[in-house]
Number of protein chains: 2
Amino acid sequence: MRARPKIKDVATLAGVSTATVSRALSTPESVGLATREKVMEAVKATGYRINAAARDLRMRRARSILILAPNLSNTFFSRIFAAVQEEASAAGLTVQISDSRIGRERLLSLGYDGRADGIVLLDGSLDPEVVNGWQLPLIQLSEWNDAYDAPRLGIDNRAAAGLAVRHLAALGHRKVLHVSGPGDNVLALTRQQGFSGTAAESGIAPVVFPGDFTMEAGAGAARRWAKLSDRPTAAFCASDECALGFISECVHMGFSVPGDVSVVGFDDIDFADRFLPSLTTIRQPREAMGRLAAERVIAMMGAPAKEPRSRPAPPIHVAAALVERASTGPAHT
Amino acid sequence: MRARPKIKDVATLAGVSTATVSRALSTPESVGLATREKVMEAVKATGYRINAAARDLRMRRARSILILAPNLSNTFFSRIFAAVQEEASAAGLTVQISDSRIGRERLLSLGYDGRADGIVLLDGSLDPEVVNGWQLPLIQLSEWNDAYDAPRLGIDNRAAAGLAVRHLAALGHRKVLHVSGPGDNVLALTRQQGFSGTAAESGIAPVVFPGDFTMEAGAGAARRWAKLSDRPTAAFCASDECALGFISECVHMGFSVPGDVSVVGFDDIDFADRFLPSLTTIRQPREAMGRLAAERVIAMMGAPAKEPRSRPAPPIHVAAALVERASTGPAHT
DNA sequence: GGCGCCTCTGCAATCGATTACAACGCGATT
DNA sequence: AATCGCGTTGTAATCGATTGCAGAGGCGCC
């Protein structure tokens with residue numbers, strides 16, 4: 001009662017061998033009906049649960065997937081986590097989670113200790129040597145890094161940024177600010193490229209401020225924007241948080257949104273449509289992204305390990321969309 | 001190169017036994033200097049990493065803690081996850097995470113398969129039989145259930161609600177609405193008690209609407225509030241999300257906050273101070289809560305399993321505080 | 001009645017680590 | 001010179017499951 005029952009206890013109680021118990025549990029059809037019932041009864045009676053460590057060791061797999069993200073407390077990630085976990089759980093897998101900025105050694109171990117047999121990676125800034133060193137099914141989600149030898153999933157950030165710019169162009173804006181993310185972040189870069197490219201096509205004068213996706217960065221950008229002599233009439237922020245920070249600071253400074261400045265965000269986090277004004281933004285289907293990534297990695301876990309791919313697979317793009325809300329309006333010259 | 005090196009490979013390369021390798025890795029001081037160096041070299045050369053399953057099996061512990069929460073995508077939890085993970089990682093532990101609403105069987109297994117050796121539980125609505133059946137160090141965080149035989153950590157919700165009410169009382173409000181959470185939720189109940197109790201003491205007429213902590217619930221409550229003939233001049237919502245929904249809907253209906261109605265939230269989520277108007281709320285020190293819970297459960301993991309406690313330990317309370325911002329103002333009669 | 005086949009079950013090896021115990025080498029002590 | 005003791009190392013058992021192989025038994029068919 002005190003100690004956890006092991007398979008031996010169940011076997012003894014049911015009057016069979018441990019092999020039979022194991023089979024009754026994993027492949028019931030391979031065991032006689034009467035025996036199976038005896039075993040199940042014994043399992044119930046003892047409250048037996050398989051010891052994961054023993055099984056993992058023997059089977060050389062852990063039935064677990066690992067999620068790595070650069071910042072666990074980020075609102076954008078949480079819904080992805082939930083979707084991955086849900087999908088994993090449905091497949092009978094457990095989920096490990098870790099910040100991806102825990103240091104090279106720890107990180108290496110995580111993907112290498114046999115505890116996980118698949119990885120969903122949300123960080124494109126890790127050492128490719130480390131990432132490629134894990135010999136595990138892995139999928140890059142949202143962020144990516146061309147040096148990683150793994151398939152990737154996410155929206156087309158360049159095109160998505162284009163949607164935002166064209167929306168502003170259509171409203172008559174001719175000078176637009178882009179508040180970007182960290183210079184070494186692949187998402188920030190790609191969105192900025194999309195911004196610049198589309199701005200050029202649309203005859204929009206681009207202005208770019210650096211940022212880091214946070215509300216603080218947005219607020220800072222707003223203060224800097226306010227000081228400009230010839231202020232852009234619209235701002236496209238690289239994240240919703242940044243956009244909310246921007247708007248909030250603008251309002252505190254006495255400007256009106258979208259009266260004085262239209263603002264577009266990126267992500268469509270949960271608060272976007274309850275903010276005041278509600279935020280025009282680019283929706284990333286986070287739930288679907290998480291679900292697809294999980295499905296994908298689970299599928300890879302099932303298949304025999306693919307050997308080094310000859311050429312990188314093209315990214316799998318899920319659809320992003322512009323969500324028009326109240327934070328954008330016509331340019332008032 | 002292809003297959004993962006095992007301890008045997010390292011031993012062979014270093015010309016020692018596996019026992020020595022194991023010792024060199026876990027208790028270096030028990031191994032001769034020369035040998036230790038040879039081993040370390042071999043470890044580096046082979047890229048050896050301990051196989052977690054094998055070690056877990058032998059040591060009967062997994063160096064891992066499990067976080068269970070009723071909703072992984074909730075903004076309130078994410079920062080707690082981050083803090084727990086950080087603390088765990090610093091202690092050399094990995095983190096498993098799961099939604100706690102995955103069904104009795106799966107849930108039972110999670111705490112019983114030897115994969116985790118400590119649990120941080122954020123859900124007070126699970127079957128006590130299941131929870132008490134896990135024979136693992138466990139701490140209840142935020143939510144709780146008196147039927148769980150485990151220590152608990154969190155703020156004093158009753159008192160915290162009192163802070164909100166007294167704040168409104170001090171501003172001259174005499175009729176206050178409380179938008180509560182689910183009727184079966186211990187946090188909702190306790191906060192509601194705090195609300196009612198303090199309202200009575202402060203000569204405030206209480207009105208209570210049911211809710212469920214979400215923005216939608218807040219918005220719904222706002223619509224219902226608007227229809228009241230003698231409208232409360234203030235609302236105390238059981239969560240920040242609810243409060244934001246409430247405010248947002250009020251503004252959409254043409255009311256001003258705090259002009260027509262003051263609003264207090266609960267939690268102090270990240271967006272609270274950037275919302276427009278910024279949200280007066282009760283701060284829960286989520287980071288500290290996560291950190292403390294982790295510390296606590298890690299400590300329990302170290303100590304020999306305490307046998308069934310004679311009487312329930314009193315809850316450990318961390319300090320909640322009122323954060324005054326712009327969503328509350330004097331009652332305008 | 002004998003043979004073969006099929007179904008069900010058990011024996012025992014195995015997964016890859018940790019660790020109790022014993023053995024060994026070697027200098028110090030008597 | 002024998003003994004003691006200490007620090008180091010190896011041998012082998014062990015953790016708790018899974019599974020290849022072989023044996024037992026039952027059944028049908030000739």
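Quick note on labels: first sequence line is chain A, next is B, and so on, each numbered from 1. Note that the coordinates shown come from a computational prediction; the quantities given were computed from them, not determined experimentally.
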Can you tell me the distance, in whole Å, between the CZ atom of A:R115 and the P atom of C:dA17? 13 Å
Check whether the side chains of A:T190 and A:N157 place a donor and an acceptor atom closer than 3.5 Å, and report yes or no. no
Ionic contact status for B:R104 with B:E129, cut-off 4.0 Å: yes
Rounded distance (Å) that lies between atom P of C:dC15 and atom CD1 of A:I50: 20 Å
Can you check the B:Y112 OH to D:dG16 C1' distance for me, whole Å? 15 Å
Can you check the B:R63 CZ to C:dT18 C1' distance for me, whole Å? 11 Å
Tabulated below should be each protein N or O lying under 3.5 Å from an N or O of nucleotides 4-13 of chain D; please produce it.
unit_1 : atom_1 : unit_2 : atom_2 : d
D:dT9  : OP1    : B:T35  : OG1    : 2.2
D:dT9  : OP2    : B:G32  : N      : 2.8
D:dT9  : OP2    : B:T35  : OG1    : 3.4
D:dG10 : OP2    : B:S17  : N      : 3.0
D:dG10 : OP2    : B:S17  : OG     : 3.1
D:dG10 : OP2    : B:T20  : OG1    : 2.5
D:dG10 : N7     : B:R23  : NH2    : 2.8
D:dG10 : O6     : B:R23  : NH1    : 3.1
D:dG10 : O6     : B:R23  : NH2    : 3.4

In whole angstroms, the gap separating P of C:dG16 from CG of B:D56 amounts to 14 Å
In whole angstrom, what separates A:R4's CZ from D:dA17's C1'? 15 Å
Before accepting this row, confirm whether a basic side-chain N of the pair B:R101/B:D123 lies closer than 4.0 Å to the acidic partner's carboxylate O. yes
Without decimals, in angstroms, what is the distance between B:K6 NZ and C:dG16 P? 4 Å
Taking only side-chain N and O atoms of A:R60, does any of them lie within less than 4.0 angstrom of OP1 or OP2 on C:dG16? yes
Within less than 4.0 Å of OP1 or OP2 of C:dG16, is there a side-chain N or O belonging to B:Y48? no
Salt bridge or not for B:D270 and B:R286, using N-O below 4.0 Å? yes
Given side chains that start at C-beta, do those of A:I50 and A:S22 come closer than 4.5 Å, heavy atoms only? no
Identify whether the distance between the nearest side-chain nitrogen and carboxylate oxygen of A:R115 and B:D56 falls below 4.0 Å. yes
Atom-to-atom span, CG of B:D113 to P of D:dG16 - whole angstrom: 14 Å
